[in-house]
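Report on one structure; see the data block that follows.
Chain A is the first sequence line, chain B the second, and so forth, proteins listed ahead of strands; every chain is numbered from 1.
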Protein chains: 2
Amino acid sequence: MLISDSKVPLYYQLVDILGKQIKENMKPHDRMLSEREICTKYNVSRTTVRLAMAELEKMGYIYKMHGKGTFVATLAENKQNLMESYSFTEHMKKLGKVPKTEVLSFEVIKVNDYLAKHMGLSGEENAIKIIRLRLADGIPMMVETSYLPFAKFSSLTEELVKKKPLYEIFKEEFSQVIKAADEEFSASIIPSREAHLLQVPTNSACLKLERTTYNTANQVIEFTFSIARADQFIYKVRHIR
Amino acid sequence: MLISDSKVPLYYQLVDILGKQIKENMKPHDRMLSEREICTKYNVSRTTVRLAMAELEKMGYIYKMHGKGTFVATLAENKQNLMESYSFTEHMKKLGKVPKTEVLSFEVIKVNDYLAKHMGLSGEENAIKIIRLRLADGIPMMVETSYLPFAKFSSLTEELVKKKPLYEIFKEEFSQVIKAADEEFSASIIPSREAHLLQVPTNSACLKLERTTYNTANQVIEFTFSIARADQFIYKVRHIR
DNA sequence: TTAATCAAGAGGTAGTAACCAGTTCAACAA
DNA sequence: TTGTTGAACTGGTTACTACCTCTTGATTAA
């Protein structure tokens with residue numbers, strides 16, 4: 001079942017196979033085969049099995065109990081890839097809504113002190129500033145203002161941003177893999193400009209969100225402010241371990 | 001430096017030692033010793049070193065680059081234990097504020113359908129309902145309403161809750177270790193009861209927070225609603241991987 | 001000078017082996 | 001009957017070995 005001379009590691013092939021089994025045939029708290037049983041079934045070492053299981057655990061698919069076994073997590077139901085939680089597009093699809101994005105502006109700016117500090121840039125560098133309106137089922141949900149380091153994304157165009165989700169662009173066009181993200185949540189009364197864009201009364205509450213996204217080399221690849229309408233938008237995050 | 005016959009595993013002793021070194025003597029992007037160098041320095045196998053490094057990586061202390069080395073993460077500056085982000089007490093201490101908690105009510109209730117569903121309980125079970133007012137430097141910050149499964153915490157008393165942070169009680173009195181948490185954020189106009197408790201005008205915005213906390217066996221050990229005043233409270237979360 | 005090559009050293013993957021520490025339950029002894 | 005014990009599982013820890021891929025920089029060849 002596993003391909004030894006594949007470019008994709010054995011343990012990762014196992015992650016795929018077991019993950020699929022869990023999603024298709026198992027329910028929360030079902031017991032998995034023991035590590036040693038998986039070894040013989042797939043003819044791999046326990047090292048490989050434990051690597052795969054560690055990965056599944058990090059993804060929230062399974063949990064282990066010393067002396068008892070490994071079990072399917074309740075968390076497995078609605079969570080695949082942690083990265084998806086950062087993505088408005090993926091987030092909305094998961095909720096059964098149709099996401100849509102309008103790019104309101106796209107420009108290259110010189111970073112100010114605040115941006116330089118938060119993005120780990122020198123004050124001389126440039127950043128790409130993108131303002132987007134996000135809609136779900138045609139209802140305006142949030143306004144996002146994103147800053148990307150120009151040095152890493154100099155060839156990025158407005159057309160591309162209009163065509164593809166930002167996180168797909170990161171990965172497919174610039175080989176930037178998201179490794180970590182910091183998010184800050186707060187609430188306030190909605191600013192009038194955003195009230196207009198989101199089509200809500202001027203005294204409404206809104207959810208403010210600030211996100212800093214890091215690549216595998218621990219560099220900031222995105223710094224985003226979002227303002228979301230309070231009556232429509234709920235933001236979900238999951239912590240594991 | 002490491003103690004072979006200790007009850008605490010070698011790899012975890014290494015986590016402590018390396019973590020301390022990072023916090024005390026290193027800064028972001030500094031290179032760590034290579035895995036093989038650490039092996040000889042502490043006289044352990046590479047297995048052990050890699051286990052420790054994996055742990056440090058999960059904690060956000062370090063990041064690795066294939067072929068180049070292992071480096072101190074920028075994230076290390078302000079983050080130790082992911083669990084601490086759930087804890088109001090720890091969270092506030094980290095911000096240099098003095099946390100205080102007033103227990104407003106403590107009672108055992110029969111769960112309704114909504115609670116039963118969210119806590120994985122049958123409709124017949126009981127829960128402990130605790131309402132707390134959280135203050136930082138004497139300023140009321142948020143009102144938290146928590147539900148704990150009575151079956152797991154039947155011996156919990158109001159006195160204990162007044163004396164100790166809830167998450168310390170979980171760990172020390174009931175051996176419940178937090179493994180994962182789901183959080184949902186939204187914003188709204190503050191309800192009048194909370195407006196009064198938080199001493200803000202009735203038309204203020206507030207941050208609403210719903211948290212479900214799981215133990216290592218993937219059972220819900222806490223379900224909490226929070227209402228926080230928008231002008232004072234910012235909630236930070238970090239995702240890794 | 002410039003480009004290709006190669007070796008050293010980094011982390012990544014994989015196997016084997018052995019023993020430790022919880023959990024469970026059946027077999028045995030009081 | 002009621003304990004207790006102990007074997008047979010579970011995952012957890014540790015060591016050793018070997019080879020892979022990626023990065024870097026020095027050496028070599030064009």
Side-chain angles (χ1 to χ4, degrees), chain A residues 1-18 29-58 61-73 175 177 179 215-219 241, chain B residues 1-18 29-58 61-73 175-177 179 215-218 241:
Chain A
M1 286 175 154
L2 301 187
I3 305 160
S4 299
D5 57 344
S6 162
K7 48 276 150 244
V8 44
L10 287 177
Y11 84 91
Y12 202 80
Q13 295 180 45
L14 244 191
V15 168
D16 283 339
I17 291 175
L18 296 176
H29 306 297
D30 279 0
R31 238 200 79 185
M32 312 256 307
L33 291 179
S34 77
E35 295 178 354
R36 287 160 179 94
E37 285 170 328
I38 295 176
C39 289
T40 60
K41 174 165 181 182
Y42 294 97
N43 193 34
V44 290
S45 73
R46 201 164 152 226
T47 311
T48 303
V49 173
R50 280 184 66 79
L51 249 183
M53 300 292 252
E55 204 65 27
L56 287 167
E57 194 182 14
K58 269 193 280 193
Y61 276 70
I62 60 173
Y63 63 97
K64 300 172 172 186
M65 293 215 284
H66 193 174
K68 299 181 84 169
T70 302
F71 306 85
V72 175
S175 304
V177 176
K179 183 61 178 302
N215 65 11
T216 48
N218 214 32
Q219 299 164 316
R241 299 206 85 236
Chain B
M1 287 174 155
L2 300 187
I3 306 159
S4 299
D5 57 342
S6 162
K7 47 276 151 249
V8 44
L10 287 177
Y11 84 91
Y12 203 80
Q13 295 180 44
L14 244 191
V15 168
D16 284 338
I17 291 175
L18 296 177
H29 305 297
D30 278 0
R31 238 200 78 184
M32 311 256 307
L33 292 179
S34 77
E35 294 178 356
R36 287 164 178 92
E37 285 170 329
I38 295 176
C39 289
T40 61
K41 174 164 180 183
Y42 293 97
N43 193 33
V44 290
S45 74
R46 197 160 157 230
T47 311
T48 303
V49 174
R50 280 185 65 79
L51 251 184
M53 300 291 252
E55 205 64 29
L56 287 167
E57 193 182 14
K58 269 193 279 192
Y61 276 69
I62 60 174
Y63 62 96
K64 299 174 173 186
M65 293 214 284
H66 193 174
K68 298 181 84 171
T70 302
F71 305 86
V72 174
S175 304
Q176 294 285 347
V177 176
K179 183 62 177 302
N215 65 11
T216 48
N218 215 31
R241 297 207 84 236

Pairing residues for [X] by the ring pair (Phe, Tyr, Trp, His ring centres under 6.0 Å) criterion, not counting sequence neighbours:
X: A:Y42; answer: none
X: B:Y11; answer: none
X: B:H66; answer: none

In terms of side-chain geometry, is the basic nitrogen of A:K58 or B:E57 positioned less than 4.0 Å from the acidic oxygen of its partner?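 No, this pair does not count.
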Could you tabulate the donor-acceptor pairs under 3.5 Å formed by side-chain atoms of residues 46-54 of chain B, not counting sequence neighbours?
{"unit_1": "B:R46", "atom_1": "NE", "unit_2": "B:E35", "atom_2": "OE1", "d": "2.9"}
{"unit_1": "B:R46", "atom_1": "NH2", "unit_2": "B:E35", "atom_2": "OE1", "d": "3.1"}
{"unit_1": "B:T48", "atom_1": "OG1", "unit_2": "B:S45", "atom_2": "OG", "d": "3.4"}
{"unit_1": "B:R50", "atom_1": "NH1", "unit_2": "B:E35", "atom_2": "OE1", "d": "3.3"}
{"unit_1": "B:R50", "atom_1": "NH1", "unit_2": "B:E35", "atom_2": "OE2", "d": "2.9"}

Looking at B:Q13 and B:V8, would you say the former's side chain and the latter's main chain have a donor-acceptor pair under 3.5 Å?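 Here the side-chain-to-backbone pair exists.
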Is the backbone N or O of A:I3 less than 3.5 Å from a side-chain atom of A:S6, with the two atoms forming a donor-acceptor pair by type?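 Between the backbone of A:I3 and the side chain of A:S6 there is no qualifying donor-acceptor contact (under 3.5 Å).
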Along DNA chain D, 5' to 3', what are the outermost nucleotides having an atom less than 4.0 Å from a heavy atom of chain A?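 Under 4.0 Å from chain A, the extent on DNA chain D is D:dT10 to D:dT13.
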Summarise protein proximity over nucleotides 11-19 of chain C in one line of letters, 5' to 3': B for base, S for sugar-phosphate only, - for none, counting protein heavy atoms closer than 4.0 Å. BBBSBB-BB
